[in-house]
Amino acid sequence: MRRPIIAGNWKMNKTPSEAAQLVKDLIPLVKDADIDVVVCPPYTALYTVAELVKGTNIKLGAQNVHFEKSGAFTGEVSIDMLKELGVEYIIIGHSERRQYFNETDETVNKKAKVILENGLTPIICVGESLDQREKGVTNDFVSMQTKLALNGIAGEDVKKVVIAYEPIWAIGTGKTATSKEANDTIEAIRNAVKDVYGEEVSEAMRIQYGGSMNPKNATELMAQKEIDGGLIGGASLKAEDFSKVVLY
Ligand code: PGA
């Protein structure tokens with residue numbers, strides 16, 4: 001059985017004091033959740049949130065990392081910097097980073113390797129555009145993104161990876177994939193991993209759905225066989241909404 005994982009992607013929201021308030025409100029609401037609960041604040045709030053979640057069941061995630069260890073990379077943040085703060089999960093390859101910040105399958109792969117080598121968990125985002133879905137190439141496209149992200153990574157490490165399937169047209173739009181669409185695409189991703197690594201690995205790997213997931217649709221999405229969790233944007237910015245998704 002795969003352990004469910006619900007992660008909040010706060011994106012570019014919340015100052016350190018606002019982040020502290022959000023996580024203080026969240027802690028009592030999710031304390032009994034028997035799943036992996038992760039919050040991913042912006043870098044500037046990581047320290048504050050790290051202190052507050054110590055000793056709770058909430059884990060800390062970051063929204064990006066650079067693949068080099070250190071050096072002249074103005075504006076970037078390294079894996080050691082995140083590790084020292086207690087970060088355990090790192091989102092990479094989010095469609096917003098692919099679209100606005102030149103994230104490519106190649107950099108996603110480099111980042112995934114660095115994260116795994118350091119014993120942390122990458123949350124690797126994949127997902128098709130509306131045009132791709134309408135043209136019927138969704139499964140091929142997300143399977144290719146997944147294989148390229150995992151290229152050169154050993155099966156034992158692939159088991160630890162979390163994939164977030166996020167149809168781009170469903171992110172922040174209020175439009176969700178139907179639970180069947182989400183389940184079918186996630187099944188295609190799992191099959192692509194099975195082709196390369198075999199069933200033991202593909203069955204161990206967790207795959208989330210993301211894209212306008214909220215308290216209203218979480219129960220149905222989480223009831224799908226292939227869906228192991230959610231990556232939550234908008235609904236993670238309110239403690240009550242996020243806790244309802246966590247307690248789906
Ligand atoms: P959303 O964002 O829940 O606001 O659609 C999800 C994401 O981008 O991770």
Side-chain angles (χ1 to χ4, degrees), residues 4-14 18-19 22 26 30 35-43 45-46 49 58-65 87-103 108 111-112 115 121-130 132-133 138 141-142 145-146 149 161-179 181-183 185-186 189 206-222 224 227-248:
I5 172 168
I6 302 280
N9 174 11
W10 294 2
K11 307 191 179 183
M12 197 175 74
N13 295 293
K14 305 291 176 188
E18 289 166 350
L22 174 54
L26 189 61
V30 300
I35 63 165
D36 288 341
V37 182
V38 184
V39 294
C40 305
Y43 285 147
L46 279 174
V49 173
I58 299 177
K59 310 261 192 241
L60 191 62
Q63 298 174 21
N64 189 23
V65 66
V87 166
E88 293 179 64
Y89 294 84
I90 306 179
I91 299 170
I92 53 173
H94 191 281
S95 61
E96 287 149 18
R97 296 216 59 87
R98 293 180 192 257
Q99 187 179 350
Y100 307 128
F101 305 102
N102 297 321
E103 186 83 276
V108 170
K111 291 176 182 189
I115 293 167
T121 303
I123 299 179
I124 303 174
C125 304
V126 300
E128 82 287 2
S129 64
L130 188 56
Q132 288 167 321
R133 178 155 285 271
T138 295
F141 182 73
V142 296
Q145 279 185 318
T146 305
V161 164
V162 176
I163 302 281
Y165 165 57
E166 301 202 303
I168 297 170
W169 48 272
I171 295 177
T173 56
K175 263 195 218 168
T176 339
T178 64
S179 49
E181 281 170 332
N183 192 67
T185 309
I186 289 178
I189 294 170
R206 295 184 291 177
I207 311 181
Q208 301 172 309
Y209 168 77
S212 300
M213 193 161 160
N214 60 45
K216 288 203 179 77
N217 56 31
T219 313
E220 193 187 327
L221 286 162
M222 290 303 291
Q224 303 304 307
I227 303 182
D228 305 318
L231 184 57
I232 321 299
S236 72
L237 297 174
K238 291 199 181 115
E240 206 176 306
D241 285 354
F242 187 60
S243 70
K244 284 183 184 156
V245 177
V246 166
L247 301 171
Y248 61 90

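As the structure lists them, so they are numbered: ligands from 1, and atoms in each ligand from 1.
Note that the CD1 atom of I124 and the NZ atom of K111 stand 11.5 Å from one another [nearest 0.5 Å]. Summarising the geometry, atom NZ belonging to K175 is positioned 5.5 Å from atom CG belonging to L130; distances are rounded to the nearest 0.5 Å. Atoms OG1 and CD1, on T146 and I163 in that order, are 5.0 Å from each other to the nearest 0.5 Å. Of the inter-residue distances, the one linking R98 atom CZ with I168 atom CD1 reads 8.0 Å to the nearest 0.5 angstrom. R97 contributes atom CZ, which lies 11.5 Å from atom CD1 of I92 (distance to the nearest 0.5 angstrom).
Ligand 1 lies within reach of G172, whose nearest heavy atom is under 4.0 Å from it.
For the pair G234 and ligand 1, the shortest N or O to N or O distance falls below 3.5 Å. Between T173 and ligand 1, no pair of N/O atoms sits closer than 3.5 Å. Ligand 1 has no N or O atom lying under 3.5 Å from any N or O atom of G210, backbone or side chain.
Only backbone heavy atoms of A170 (N, CA, C or O) come within less than 4.0 Å of ligand 1; its side chain stays farther off. With a heavy-atom cut-off of 4.0 Å, N9 touches ligand 1 through its side chain alone.
Atoms of ligand 1 found under 4.0 Å from any heavy atom of S212, numbered from 1 in the order shown, are 1 (P), 3 (O), 5 (O). If you number the atoms of ligand 1 from 1 as listed, the ones under 4.0 Å from a heavy atom of G211 come out as 5 (O). Interface of H94 with ligand 1, defined as ligand atoms under 4.0 Å from a residue heavy atom, comprises 7 (C), 8 (O), 9 (O). Counting the atoms of ligand 1 from 1 in the order shown, those under 4.0 Å from a heavy atom of L231 are 6 (C), 9 (O).
Between L22 and F242 there is no side-chain heavy-atom pair separated by less than 4.5 Å.
The nearest heavy-atom contact from the protein to atom 9 (O) of ligand 1 is E166 OE2, 2.7 Å. When hydrogens are left out, the protein atom nearest atom 3 (O) of ligand 1 is G233 N, 2.8 Å; that is the closest non-hydrogen contact.
Side-chain atoms of Y89 never come within 3.5 Å of backbone atoms of I91 as a donor-acceptor pair (strictly under, hydrogens ignored).
When all heavy atoms are compared, the tightest approach of Y43 to N64 is OH-O, 2.6 Å.
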